[in-house]
Amino acid sequence: MTDRGRGPVLPFGVAEVTGPSMVPTLHHGDQLLVHYGAALRPGVVAVLRHPLQQDLLIVKRLVERRDGGWWVLGDNRGAEAVDSRAFGAVPAELVLGRVRARYRGIRPGRQRSLGVVLAWLLSAVRPVLADRSLSRRLRAR
C-alpha cells in the first residue's frame, strides 16, 4: 500500500493520550500502538478524528454501529463529555484505527526503587483489550 507515491504506508503508528477521558484503561501520557485500517467492532478502543474539529485526534471506545456511524464513549464517565454524548455518532471514515497496546513510562517524580522499577516492568506494556460486554450493557438500559 502506498500513499500518493510517497512510499509504503505502515499499518501501525504511535499516538499519545492527553486528558482523563479514558481512565482507568488509559492515562494521560500513555503511548499507544495504533493499527490503522484494522477491523473494528463494538468494545474496541480506537483513534478517530473529532467530527467537529477534524485536525484533532481523539481516543474513545466504540460502543455500537448506528446509521450515522459509530457511537463512541470515554471509559471515564465522570470526565467532561467529549464523546458521542456531545457530538453524536462519528462517521466511519473518521475512525482511523484500533488501539492494540499501550506503553506507560515511569511517572516523573516517583522514587526509582527496585519495587517501583519491577512494578513498572510488569505494567509498562499491555494490550488494550475490547470490552465485549460494553455494548450489551448499554443496550440493556
Side-chain angles (χ1 to χ4, degrees), residues 1-113 115-141:
M1 178 182 350
T2 61
D3 185 20
R4 295 192 181 119
R6 291 187 282 180
V9 176
L10 298 176
F12 291 95
V14 176
E16 183 173 348
V17 176
T18 6
S21 72
M22 288 300 292
V23 170
T25 307
L26 304 171
H27 295 274
H28 179 81
D30 284 353
Q31 301 291 314
L32 306 176
L33 176 64
V34 182
H35 185 181
Y36 294 104
L40 302 172
R41 67 175 197 267
V44 303
V45 176
V47 172
L48 49 132
R49 293 192 184 282
H50 192 292
L52 305 177
Q53 188 179 349
Q54 292 183 15
D55 60 336
L56 176 65
L57 298 180
I58 58 177
V59 179
K60 301 294 173 202
R61 191 170 299 276
L62 304 179
V63 176
E64 67 182 1
R65 189 81 187 237
R66 294 188 176 183
D67 288 338
W70 283 100
W71 191 260
V72 300
L73 293 174
D75 285 357
N76 184 355
R77 300 293 192 269
E80 182 181 346
V82 182
D83 54 28
S84 289
R85 295 173 290 172
F87 48 69
V90 177
E93 62 270 12
L94 297 182
V95 181
L96 303 177
R98 178 179 178 172
V99 175
R100 294 290 185 175
R102 64 108 173 114
Y103 168 80
R104 234 174 239 169
I106 294 180
R107 305 271 188 244
R110 290 191 68 179
Q111 179 184 3
R112 301 288 193 258
S113 70
V116 168
V117 173
L118 288 175
W120 172 78
L121 284 171
L122 292 172
S123 70
V125 178
R126 291 247 173 118
V128 177
L129 303 174
D131 182 352
R132 295 169 194 242
S133 66
L134 179 68
S135 125
R136 281 187 232 114
R137 282 196 316 260
L138 290 172
R139 278 189 278 237
R141 290 184 180 177

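The figures that follow rest on heavy atoms only: side chains count, while hydrogens, waters and symmetry mates do not.
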Taking the side chain as every heavy atom from C-beta outward, state whether [X] and [Y] have any pair of such atoms under 4.5 Å apart.
X      : Y     : result
Ser21  : Val82 : no
Val34  : Val14 : no
Arg98  : Leu40 : yes
Val59  : Val45 : yes
Val23  : Thr25 : no
His28  : Pro20 : no
Leu96  : Leu48 : no
Arg102 : Leu33 : no

**Prompt:** Counting heavy atoms not belonging to Glu80, are there more than 12 under 6.0 Å from its CD?
**Reply:** no
**Request:** Give the C-alpha distance, both sets of side-chain angles, the deciding distance and a yes or no for side chain to side chain contact (heavy atoms under 4.5 Å, CB included) between Val17 and Leu32.
**Result:** CA-CA 7 Å; Val17 176; Leu32 306 176; 3.7 Å; yes
**Message:** Checking Ile58 against Val47 for the side chain to side chain contact (heavy atoms under 4.5 Å, CB included) test, could you report, in this order, the C-alpha distance in whole Å, the side-chain angles of both residues, the deciding distance, and whether it holds?
**Reply:** CA-CA 6 Å; Ile58 58 177; Val47 172; over 6 Å; no
**Message:** For the CG atom of Asp75 and the NZ atom of Lys60, what is their distance to the nearest 0.5 Å?
**Reply:** 9.0 Å
**Message:** Quick one: does any side-chain atom of Arg61 pair with a main-chain N or O of Gly43 as donor and acceptor, under 3.5 Å?
**Reply:** yes
**Request:** State whether the side chain of Ser84 and the backbone N or O of Trp71 hold a donor-acceptor pair below 3.5 Å, judged by distance alone.
**Result:** no
Which heavy atom of [X] sits nearest to which heavy atom of [Y], and what is that distance?
X      : Y     : answer
Asp83  : Gly74 : OD2-N, 3.2 Å
Glu16  : Gly29 : OE2-CA, 3.8 Å
Ala130 : Arg41 : CB-NH2, 3.6 Å
Leu94  : Pro51 : CD1-CA, 3.8 Å

**Complete:** Here the side chain to side chain donor-acceptor pair (under 3.5 Å) pairs for residues 48-58, sequence neighbours left out, are none
